[in-house]
Amino acid sequence: MEKASWESGVTLILGVWLFVSPFFGLGDATAAATWNSWLIGGLVAVVSLFGLSRPRVWEEFVNLAAGIWIFFAPYLYNYSGVADAAWNHLLVGGAIAAIAAYGLLQRRAFNRTTPA
């Protein structure tokens, strides 16, 4: 499974959105929300670029961990009461984690059906 997939393209878009969302008021409510958006959004975008050029399984694991982190960050850093930032992180983090998990499942299914 060496070709780029739609998963990398979508997670690239989500990572870029996460990175720029504080500039649109979705994450600038607290310093923790802003820094999470910048750091995790940048990480997801860079890892997804690697996935577009040459897909590897480690990229899916990194995006899965990043998606889970950003999903729970509103509760870990106590900005869950800030609706815009919290919902943005919940939705984008959940989507990144779900897409990465799907990619891992697809890779596993591909490896099971491919003769050795």
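Interatomic distance, OG1 of T11 versus CG of L64, reported as 11.5 Å (0.5 Å rounding). To the nearest 0.5 Å, atom OG of residue S37 and atom CH2 of residue W17 are 9.5 Å apart. The OH atom of Y79 sits 4.5 Å away from the CG atom of N36 when rounded to the nearest 0.5 Å. The CD atom of E7 lies 13.0 Å from the CG atom of L12; values are rounded to the nearest 0.5 Å. Taking CG of L43 as the reference point, atom CD1 of I96 lies at 9.5 Å (rounded to 0.5 Å).
In this structure, W35 has its ring center no closer than 6.0 Å to that of Y77. Aromatic pair F72/H89: ring centres not closer than 6.0 Å.
Counting non-hydrogen atoms of other residues, nucleotides and ligands closer than 6.0 Å to CH2 of W87 gives a total of 12 or fewer.
Between S21 and N88, the closest heavy-atom pair is OG-ND2, 3.1 Å. Across all their heavy atoms, S48 and N63 have their closest contact at OG-ND2, 3.4 Å. Minimum interatomic distance between W6 and Y102 (heavy atoms only, all atoms of both residues): CZ2-CE2, 3.4 Å. Looking at every heavy atom in both residues, L52 comes nearest to S8 through CD2-CB, 3.7 Å. Across all non-hydrogen atoms, the minimal contact from G93 to I70 is CA-CG2, 2.9 Å. Taking all atoms of both residues into account, the shortest heavy-atom contact from A85 to A33 is CB-CB, 4.2 Å.
A single hydrophobic cluster is seen to contain both F71 and I40, as judged by linkage of ILVMFWY side chains at heavy-atom distances under 4.5 Å, directly or through other members. V10 and V92 fall within a single hydrophobic cluster, where Ile, Leu, Val, Met, Phe, Trp and Tyr are joined by side-chain heavy atoms under 4.5 Å apart, directly or via other members. One hydrophobic cluster, built from ILVMFWY side chains closer than 4.5 Å, cannot hold both V57 and V62; they sit in different ones. Residues L39 and Y75 are members of one and the same hydrophobic cluster, defined by side-chain heavy-atom contacts under 4.5 angstrom among Ile, Leu, Val, Met, Phe, Trp and Tyr. I13 and I99 fall into different hydrophobic clusters, where Ile, Leu, Val, Met, Phe, Trp and Tyr residues are linked whenever their side-chain heavy atoms come under 4.5 Å apart, directly or through other members.
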Problem set entry | side chain to side chain contact (heavy atoms under 4.5 Å, CB included) between V44 and L14, intermediate numbers included | CA-CA 8 Å; V44 169; L14 290 171; 5.5 Å; no
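Without hydrogens or angle criteria, E59 side chain to R56 main chain gives a donor-acceptor distance under 3.5 Å.
Between F23 and V20, the closest side-chain pair of non-hydrogen atoms falls below 4.5 Å.
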